[in-house]
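All chains are named by letter (A, B, ...) in the order of the sequence lines, taking the proteins before the strands, and each is independently numbered beginning at 1.
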Amino acid sequence: RKEVEQDPGPFNVPEGATVAFNCTYSNSASQSFFWYRQDCRKEPKLLMSVYSSGNEDGRFTAQLNRASQYISLLIRDSKLSDSATYLCVVSDDRGSTLGRLYFGRGTQLTVWP
Amino acid sequence: EAQVTQNPRYLITVTGKKLTVTCSQNMNHEYMSWYRQDPGLGLRQIYYSMNVEVTDKGDVPEGYKVSRKEKRNFPLILESPSPNQTSLYFCASSLSYRATYEQYFGPGTRLTVT
């Protein structure tokens with residue numbers, strides 16, 4: 001079983017739409033959570049960290065549900081420039097897996113005009 | 001400019017011919033890591049290093065070697081490349097091994113082994 005599972009999509013939405021991605025993780029001891037964005041054939045870049053209380057950055061909202069072991073990303077008012085693959089990332093800050101990072105396979109988003 | 005650099009960016013080689021992909025960062029980061037990305041499988045960690053002279057295996061270390069003799073460099077070595085190592089490789093660095101810190105990725109190295 002993969003450590004981090006994501007719906008690969010693709011999600012095809014019109015400009016202005018709201019879209020949500022979910023991600024589940026298998027290790028209940030995981031401590032840190034992130035969403036990265038990857039444009040086609042480019043390197044991943046941090047979109048936002050995910051905090052226990054949930055956090056917002058402009059049109060993007062990330063939430064964490066530790067009890068159910070899932071993370072979500074909500075994008076409001078989608079722009080053409082949001083078209084990319086979104087990677088869910090989970091890591092452990094302690095124990096034998098200290099330093100390990102686990103990436104989901106990514107969810108592909110296409111925003112059309 | 002703060003960055004992670006990788007060389008070469010593109011490489012086509014033959015089975016069994018040893019190769020090294022270099023990775024260098026200028027941000028004085030403690031943590032460095034190598035990943036491979038394959039269609040349908042996502043990014044998988046190959047090796048990582050929490051500091052100089054400290055390296056550990058990730059998910060898919062077989063067929064790869066690394067070394068961390070100095071803080072800024074973390075080369076990936078393929079002693080005897082095989083076609084199943086054809087992939088897109090990314091090096092990344094982070095301020096600390098504490099995983100709460102952002103990973104900065106290099107531009108990637110596209111390797112083809114024939």
Problem - Gln6(A) CD: over 12 foreign heavy atoms closer than 6.0 Å - result: yes
Exercise for the section: Could you please state which residues from residues 22-37 of chain B sit under 4.5 angstrom from chain A, measuring non-hydrogen atom to non-hydrogen atom, sorted by number, or 'none'? Expected result: Tyr31(B), Tyr35(B), Gln37(B)
Handout entry: Validation row: Arg41(A), Arg110(B) side chains within 4.5 angstrom (heavy atoms)
Key = yes
Problem - Side chain / backbone / both / neither for Tyr36(A) at chain B, heavy atoms under 4.5 Å - result: side chain
Problem - Cluster check Val52(B), Tyr101(B): I/L/V/M/F/W/Y, side chain < 4.5 angstrom - result: no
Practice task
Determine, using the 4.5 Å side-chain heavy-atom cutoff (strictly less than), whether Tyr47(B) and Val21(B) are members of one ILVMFWY cluster.
Solution key: yes
Exercise for the section: Please tell me if the side chains of Arg100(A) and Tyr48(B) come closer than 4.5 Å, counting only heavy atoms from C-beta onward. Expected result: yes
Practice task
Pull out the residues in residues 7-19 of chain B that come under 4.5 Å of chain A, heavy atom to heavy atom, sorted by number.
Solution key: none
Exercise for the section: State the CD-CG distance between Glu43(A) and Leu88(B), to the nearest 0.5 angstrom. Expected result: 10.0 Å
Problem - Shared hydrophobic cluster for Phe34(A) and Leu74(A) (ILVMFWY, side-chain gaps under 4.5 Å) - result: no
Completion exercise
Honestly, the part of Pro44(A) sitting under 4.5 Å from a heavy atom of chain B is both
Problem - Listed partners of Lys57(B) passing salt bridge (charged side-chain N to carboxylate O under 4.0 Å, His left out), at least two apart - result: none
Practice task
Output the residues of residues 59-77 of chain B for which the shortest heavy-atom distance to chain A is under 4.5 Å, in residue-number order; output 'none' if no such residue exists.
Solution key: Asp59(B)
Handout entry: Hydrophobic cluster membership, Phe105(B) vs Leu111(B), 4.5 Å side-chain cutoff
Key = no
Handout entry: Co-membership, hydrophobic cluster, residues Leu73(A) and Val19(A), 4.5 Å side-chain
Key = yes
Practice task
Go through the atoms of Gln38(A) and report whether side chain, backbone, both or neither lie under 4.5 Å from a heavy atom of chain B.
Solution key: side chain
Handout entry: Distance (rounded to the nearest 0.5 Å) between Gln103(B) CD and Leu46(A) CG
Key = 9.5 Å
Practice task
Please check if atom CZ in Phe60(A) has more than 12 non-hydrogen atoms from other residues, nucleotides or ligands closer than 6.0 Å.
Solution key: yes
